[in-house]
Amino acid sequence: TQRMLHICRNSGMTSLHTLSRTRAALFPMMAEFGEIIESRQVQTTRLDDIDTGPVDCLKMDIQGGELDVLRYGRGRLSKAVAIITEVSFVPLYAGQITFGEMDMELRHMGFMPHCFAEAKVWPLATKTQVPNASPHQLLEADVVYIRDLTTTMGVEQWKHLALIAHHVCGSFDLAMRCVEELAKFEDAVPSDAPDQYRQMLEAM
């Protein structure tokens, strides 16, 4: 569809959604960062309509638009083994969903949370300066979701998940689980692949 893209003073806050002023006011400088300097119409396209070929891993950080990608990309994501997405604990944009809602959507699609790639905390706006205070308020996080390990996956899915676990996430226990699952398939990997992987990790 045709959507309005709101370009913000801080380019990282540019979004198809408008900033919630009441939420932004909770954090110093957030309203200034999210000030709209230009709005322009853009044509959006469903992920399912983009000829990407199979999608193994999808990474999203699109300021509140993540749910639309999921809902209109179910076909492309049907065999995906990992989704890395930004989630919001304090939604800064009007209509933006919370972490809980995103979590429910991804679980419904057959994914489970694996790890936090990065948690982002922000100081709260106060009228009185707070000395020696480090911020604690959870604002956003990048979360790695993986295909639910209790579901049936094929050889290529286990291979791709192993590669993502090792090279992208540094999650060696997940990678080992994938290698062990692959060893159950005939001719997928050498029968001693788990031991080979263990030896490789020991040598790192």
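We use all heavy atoms of the structure for the numbers below, so side chains are in, but hydrogens, waters and symmetry mates are not.
Qualifying side chain to side chain contact (heavy atoms under 4.5 Å, CB included) partners for A125, counting only residues two or more places apart in sequence or in other chains: P28. With sequence neighbours left out, the side chain to side chain donor-acceptor pair (under 3.5 Å) criterion links K59 to no other residue. Considering only residues two or more places apart in sequence or on other chains, E35 meets the side chain to side chain donor-acceptor pair (under 3.5 Å) condition with R9.
Heavy atoms only, all atoms of each residue included: C57 and I84 are closest at SG-CD1, 4.0 Å. Contact record, A24 with L19: CB-CD2, 3.6 Å, taken as the closest heavy-atom pair. Between M102 and E86, the shortest heavy-atom distance links the atoms CE-O, 4.5 Å. Of all heavy-atom pairs between A165 and A175, the closest is CB-N, 3.7 Å. Residues P194 and S191 approach most closely at CD-O, 3.8 Å, considering heavy atoms. For the pair Q196 and P190, the tightest heavy-atom approach, listed with the atom from each and the gap, is NE2-CB, 4.0 Å.
No side-chain donor from either of T126 and T128 sits under 3.5 Å from a side-chain acceptor of the other. A side-chain donor from one of H6 and S39 sits under 3.5 Å from a side-chain acceptor of the other.
The line from CG of L182 to CD of Q157 is 11.0 Å long, rounded to the nearest 0.5 Å. Taken from CZ in R147 to CG in D56, the straight-line distance is 11.0 Å, to the nearest 0.5 Å. Taken from CG in L138 to NZ in K120, the straight-line distance is 12.0 Å, to the nearest 0.5 Å. With values rounded to the nearest 0.5 angstrom, C8 atom SG is found 8.5 Å from Q63 atom CD. Atom CG of D68 sits about 8.0 Å away from atom OG1 of T44, to the nearest 0.5 Å. Note that CG of D173 and SG of C178 are 9.5 Å apart. Values are rounded to the nearest 0.5 Å.
Residues L139 and L26 share a single hydrophobic cluster, defined by chaining ILVMFWY side chains whose heavy atoms lie under 4.5 Å apart. Note: the hydrophobic cluster containing F185 also contains L161 (ILVMFWY, side chain heavy atoms under 4.5 Å, direct or indirect links). A chain of hydrophobic side-chain contacts below 4.5 Å, direct or via other Ile, Leu, Val, Met, Phe, Trp or Tyr residues, connects F111 to I97. Under the 4.5 Å side-chain heavy-atom criterion for Ile, Leu, Val, Met, Phe, Trp and Tyr, M29 and I36 are members of distinct hydrophobic clusters. M153 and M109 fall into different hydrophobic clusters, where Ile, Leu, Val, Met, Phe, Trp and Tyr side chains are chained together by heavy-atom contacts under 4.5 Å.
The local environment of CZ in F89 is crowded, with over 12 non-hydrogen atoms from other residues, nucleotides or ligands closer than 6.0 Å. A 6.0 Å sphere centred on NZ of K79 holds no more than 12 heavy atoms belonging to other residues, nucleotides or ligands. Atom CE of M200 has more than 12 neighbouring heavy atoms from other residues, nucleotides or ligands inside a 6.0 Å radius. Annotation: R177, atom CZ; neighbour count of heavy atoms from other residues, nucleotides and ligands within 6.0 Å does not exceed 12. Around CD of E186, the count of heavy atoms belonging to other residues, nucleotides or ligands within 6.0 Å does not exceed 12.
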Check the pair L67 / E101 against side-chain contact (heavy atoms from CB on, under 4.5 Å), numbers first and verdict last.
CA-CA 9 Å; L67 185 61; E101 293 170 290; over 6 Å; no
For side-chain contact (heavy atoms from CB on, under 4.5 Å), just list the numbers for I146 and V81, CA-CA rounded to whole Å, side-chain angles, deciding distance to a tenth of an Å, and then say yes or no.
CA-CA 5 Å; I146 60 173; V81 293; over 6 Å; no
Quick one: do H114 and Y145 satisfy ring pair (Phe, Tyr, Trp, His ring centres under 6.0 Å)? Show the steps, please.
CA-CA 5 Å; H114 177 59; Y145 279 80; over 10 Å; no
Please walk me through it: do L149 and W158 pass side-chain contact (heavy atoms from CB on, under 4.5 Å)?
CA-CA 10 Å; L149 297 177; W158 284 114; 4.0 Å; yes
Kindly indicate, with the supporting measurements, whether the criterion side-chain contact (heavy atoms from CB on, under 4.5 Å) is fulfilled by L70 and I83.
CA-CA 10 Å; L70 296 179; I83 293 178; 3.9 Å; yes
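R3 places none of its side-chain heavy atoms less than 4.5 Å from the side chain of Q41. Using a 4.5 Å cut-off on side-chain heavy atoms (C-beta onward), V42 and L16 make contact. Two residues are said to be in side-chain contact when any heavy atoms from C-beta on lie closer than 4.5 Å; R23 and M30 fail this criterion. The shortest side-chain heavy-atom distance between F27 and L124 falls under the 4.5 Å cut-off. M204 places a side-chain heavy atom less than 4.5 Å from the side chain of L201. Residues L106 and T85 have side chains in contact (heavy-atom distance under 4.5 Å, counting atoms from C-beta outward).
Taking the six-membered ring where the residue is Trp, F99 and F116 present tilted rings, their angle falling between 30° and 60°. Under the 30°/60° scheme for interplanar angles, the aromatic rings of Y93 and H17 are found to be tilted.
A distance-only check finds a donor-acceptor pair linking the side chain of D48 to the backbone of G75 [under 3.5 Å]. Remark: the backbone N or O of A94 is not paired with any side-chain donor or acceptor of S20 at under 3.5 angstrom. Between the side chain of H108 and the main chain of M104, no donor-acceptor pair closer than 3.5 Å is present. Looking only at distances, a side-chain donor or acceptor of R76 sits under 3.5 Å from a matching main-chain atom of I50.
Looking at R198 and E180, no side-chain N of the basic residue comes within less than 4.0 Å of a carboxylate O on the acidic one, giving no salt bridge. Between R107 and D103 there is a salt bridge, with a side-chain nitrogen of the basic residue lying less than 4.0 Å from a carboxylate oxygen of the acidic one.
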